[in-house]
There are 2 protein chains.
Amino acid sequence: MTAAATEGQAREHVTPDTVHIRAPKLVGDEPATLIPVTETTPPESRSDKKERTRRAILDAALTLTEDTGLAGLSLRQVAKEVGIVPTAFYRHFDSIDQLGLALVEESFGALRAMIRDTRQGSPSLGQIVDRSVDVLAEHVRDQRAHFGFIAREKSGGSAPVRDAVRREFAYFERELATDLARLPMEHWSADDLRILSNLIVGSMIATSEEILRADPRDLPDIKHRARTQLLMVIVGALNWKSSAPS
Amino acid sequence: MTAAATEGQAREHVTPDTVHIRAPKLVGDEPATLIPVTETTPPESRSDKKERTRRAILDAALTLTEDTGLAGLSLRQVAKEVGIVPTAFYRHFDSIDQLGLALVEESFGALRAMIRDTRQGSPSLGQIVDRSVDVLAEHVRDQRAHFGFIAREKSGGSAPVRDAVRREFAYFERELATDLARLPMEHWSADDLRILSNLIVGSMIATSEEILRADPRDLPDIKHRARTQLLMVIVGALNWKSSAPS
DNA sequence: CCTTTCAGTGAACGTGCGTACACTGAAACT
DNA sequence: AGTTTCAGTGTACGCACGTTCACTGAAAGG
């Protein structure tokens, strides 16, 4: 044991190369070949390595906040999880709040990807509803951590992060309103479209939160409920002008 | 100054009698009469005093969580705000989580009071909607702190508190479903009533959160939106069975 | 009147926190 | 080859935290 330490200076502390990577999980993990991995992959530039650590920090934060929320996340926890010394955190983010804002951006990236999926093909109303709910459920499953983060920080402790989440949702809602305008809704005002959009987004958020915390076995029930609710809302919107005399 | 301290032993540290009371704000604060207040109100039993401190703790917690959430609330902060020494906290609650659960109970007490208000008189559908939104807005204004607490901790950091909030909402939703059953909704299944109830409660929660964070000047807009949405939902529900063949 | 109860005190502890500072060593640049 | 850049290191600091323990003194109760 002690003899082995004579050559190569076995360092106890972690180096940039020992950074824990969580996301990609490379394939091809056959039994180790002749050549050590560290020599098979030499071309990693300094900025590549930095980006890798940044990702590791974001992933660690995403995982750690799952229990405590961003408010209960400490710089030191993140650093330990990533495998760097606490002060090194500052090379990537000015503060936990900055980290939070980056996570908001990233999480809404996932959300936008979902929307893109939903927009592909737009048949009958009923089919739009079915497809929307399916896509939502699927994305919540695949992006659990991101959706959970958004749901938590929407009313969370950090004002800047909270506001950022809300701004994104408002933007999102406006986008849906313009989408709705393309449907055959006879001469709706922009205001009314926004109101409808707000209702739908709210219902979608509630559904996401429910999926997040529910037992996966209950997912069909939740999807059924979401579909029904969406349908109720749409039917209501279509009949609203005529049947509701103020 | 120093002379005055000779008799009566002017104590620097706070005693139970200096506990900061926030809630009741007694009336009748005429200029001090001949007799010191401490002698005009001698009959305060030990348990009364304890209850008073307990209230002060709850109120202080309610105020302090407004910035940071329950997760960011420390026993020492609360104690300082109340005017007791940190360890005295344990005379009233086992932990911050227990405090949180007490606040959940109290907050939903306020919510139930609101429901009671809403139920008084049940005229036409349109009037029910108007009245419901008015009562909601009014109660959110009057019970800002409690509603804010619920909204925050619904997805907050402490699992027991979070679960308690959700349980209360589920209960609440079930209650609304039985209320809805009394309306003339032709042979709806219990399941469908629950789905509708879930949708309405969700929309109400969203509205509350919006009122909480919005400028008071925007309240009319928000109320208009809430009314419209509620109406859309109800109209949709009424027309749903017939016009949505899946 | 004497005893018990108990809300509140005050000192002390160990821990984890954010942040400052000076540093190292390899990659990047000239 | 020589210099600069900079991600990550390691120490050290002061602070706020939760919790422990022995205590005090007035109200409650026999």
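The chains referred to below are lettered A, B, ... by the order of the sequence lines, with proteins before strands, and numbering in each begins at 1.
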**OP:** Could you check B:T87 against B:K50 and say which one's nearest nucleotide on DNA chain C is further toward the 5' end?
**Re:** B:K50
**OP:** Starting at atom CZ of A:R54, determine the distance to atom P of D:dC6, rounded to an integer number of angstrom.
**Re:** 16 Å
Original post:
With ring centroids as reference points, do B:F108 and B:F169 lie under 6.0 angstrom apart?
Top reply: yes
Original post:
Rounding to a whole Å, what distance do you find between B:D94:CG and D:dT20:C1'?
Top reply: 15 Å
**OP:** Look at the side-chain N and O atoms of A:T53 and state whether any lies under 4.0 Å from the OP1 or OP2 oxygen of D:dA7.
**Re:** no
Original post:
For A:E44 and C:dA26, what is the distance between atoms CD and C1' respectively, to the nearest whole Å?
Top reply: 13 Å
**OP:** Nearest whole angstrom, please: distance from the C1' of C:dC29 to the CZ of A:R46.
**Re:** 10 Å
Subject >> N/O (side chain, A:S74) to phosphate O (OP1/OP2, C:dG16) under 4.0 Å >> reply: no
Subject >> Gap between atoms CG and P, on A:L75 and D:dG8 respectively (whole Å) >> reply: 14 Å
Original post:
Atom CZ of B:R76 to atom P of D:dT20: distance rounded to whole Å?
Top reply: 13 Å
**OP:** Check if the side chain of A:R91 and the base of D:dG8 share a donor-acceptor pair of N or O atoms closer than 3.5 Å.
**Re:** yes
Original post:
Roughly how many Å is it from CZ in B:F89 to C1' in C:dG8, rounded to a whole number?
Top reply: 14 Å
Subject >> Per B:H92 side chain, nearest of listed nucleotides C:dG8, D:dT19, C:dC17 >> reply: C:dG8
Original post:
Counting only heavy atoms not in A:E105, do more than 12 sit closer than 6.0 Å to its CD atom?
Top reply: no
Original post:
So, are A:E153 and A:R162 salt-bridged, with charged N and O less than 4.0 Å apart?
Top reply: no
**OP:** Can you tell me the distance, in whole Å, between the CZ atom of A:F93 and the P atom of C:dT19?
**Re:** 15 Å
**OP:** Check the pair A:F149, A:H146 against side chain to side chain contact (heavy atoms under 4.5 Å, CB included), reporting the backbone distance first and the verdict last.
**Re:** CA-CA 5 Å; A:F149 179 80; A:H146 284 107; 5.6 Å; no
Original post:
Picking from B:K154, B:R174, B:R112, what satisfies salt bridge (charged side-chain N to carboxylate O under 4.0 Å, His left out) with B:E168?
Top reply: B:R112
Original post:
5'-most contact on DNA chain D: B:S47 or B:L73, nearest heavy atom basis?
Top reply: B:L73
